[in-house]
Amino acid sequence: MLFIVVFCVVMSAYFSATETALSTFNRIRMKGYAEKGNKRAELVLKLADNYDSMISTVLIGNNIVNILSSSLSTVLFGLIILDQGLSTTVSTIVMTLAVLTFGEIVPKTLAKQFPEKFAMFSAPIIYALTFILWPVSIIFRGLQKLLSKLFKNEDDKGMTEEELISIIEEAEEDGGINEDEGSLIKSAIEFNELEVSEIFTPRIDITAVPSTVTKEELAEVFSESGFSRIPIYEGDLDNITGIVYYKDFFTLAYNTELEISSIVKPVMYVTKTQKISDLLRDLQEKKHHLAVVSDEYGSTAGLVTLEDIIEEIVGEIWDEHDEVVLDIEKISENEYIVSGKASIEKLYDEFDIDPETEGDETDAMTVTGWAMDVLGKVPDEGDSFETLGLSVKVLKMEGRRIEKLHIVDNRESDSDAATEEKPEDN
Ligand code: ADP
């Protein structure tokens, strides 16, 4: 009888550890093992896919052995201690302590340390038990279904974007996917939310020509700017009437009688608030590469090309003729040179700033706009300010726009403790 009691406590430990292991193992890692041909890992995934049936089996098994061990131990203690009241009390105390310690706490703690290993170890037995305990388990699952119908959670609307992103970050930390794969997937998820206003080239940077342009002038503009598409306007930039393509111009018009006006292609207009995922589809459908961005008053705010959109998924693309200008360049441990054109989001990302919690509410899209907001004026070279633990100095202006800023991150010393635990990726 003693042997059966001990055996029941061992089985209780086994069921408890299995419950923890099968509920907490890392799915991505398990899939990796299964793909390498590990049959037990395949079985674990199969069990996890039928979570309800697996958990019912484990709980039924655990309860059977726990109740059996308690009943037998009462009988056992009754044989040793003749006073019935005392023997029942002793048996209850001993069994509660034994089951709690050896049947629950110890196995659950150990299984949490090595959930994958333990899940693979226990899978075949649990799989067999799901068949043996099938009739009992079906009754309990019916009860489960009834209860979940009665207490249906109305708020359960599936997975949110934030949850999806944190799953990817977890997978990156666990080594299930590497950093490049992770950032590609995250960009693809965030891509859906981005608007034209966050990626377009502003009006001040547009290279365009008036419709009165001569062929020599246009050839000069193409070769100097290096752009392959130049917008053409009547009067001023607010009235862009079409686009001239580099190839069309040099192959059809430059050395021939053909007028520039006959090679001008129609232009597509978009608003600043259009989602770039929709714009991508529109550009593909209409076979355009460039769209002019207009603001709420109907004037030209800037332009956006396919390259600007694709860069949001795959990162910066440098053309052969592009001048390589880094938006944020780290020059020493806590010093940075930042371009005034850089997007404010990039700045927040680089310095790990959450504008909402840190109260840095700005409507600006670029670092120049942000500095203007903080300074409250058009900056001059040499102007400086302190914000969010950063010392910012305007190094160089380009007209009314900042070309370069110097930023010193004074928060480094405070966050040393944090960075020691989790080294920053550069
Ligand atoms: P290209 O093929 O002419 O190099 P891309 O489509 O590769 O042009 O775009 C590269 C970058 O240049 C993008 O950020 C885009 O917004 C910008 N761009 C393209 N054409 C012009 C233009 N005519 N004037 C100003 N910026 C432009």
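For ligands, and for the atoms within them, numbers begin at 1 and follow the listed sequence.
For Pro231, every heavy-atom contact with ligand 1 shorter than 4.0 Å involves the side chain, none the backbone. Contacts between Leu306 and ligand 1 below 4.0 angstrom, taking non-hydrogen atoms only, are absent altogether. Using a 4.0 Å cut-off between heavy atoms, His289 makes no contact with ligand 1 at all.
Looking at residues two or more places apart in sequence or on another chain, you find a ring-ring contact (aromatic ring centres under 6.0 Å, His included) between Phe131 and Tyr127. Residues meeting the salt bridge (Lys or Arg N to Asp or Glu O under 4.0 Å) test with Glu169, sequence neighbours left out: Lys186.
Close contacts between ligand 1 and Thr201 involve ligand atoms 14 (O), 15 (C), 16 (O), 17 (C), 26 (N) [criterion: under 4.0 Å to a heavy atom]. Every atom of ligand 1 with a heavy atom of Ile206 under 4.0 Å away is listed here by number and element: 24 (N), 25 (C).
Salt-bridge check for Asp278 with Arg281: passed, with a basic side-chain N closer than 4.0 Å to an acidic carboxylate O.
By the 4.0 Å heavy-atom criterion, Leu303 is counted among the residues contacting ligand 1.
Note on ring orientation: taking the six-membered ring where Trp is involved, the planes of Trp370 and Phe385 are perpendicular (angle over 60°, cut-offs 30° and 60°). Between Phe222 and Tyr246, the ring planes lie perpendicular to each other; the angle is over 60°, past the 30° to 60° tilted range.
Taking the centre and axis of the six-membered ring of Phe200, the NZ or CZ atom of Lys272 falls outside the cone set by 45° and 6.0 Å.
Comparing heavy-atom distances from atom 19 (C) of ligand 1 across Tyr246, Tyr245, Phe227 singles out Phe227 as nearest.
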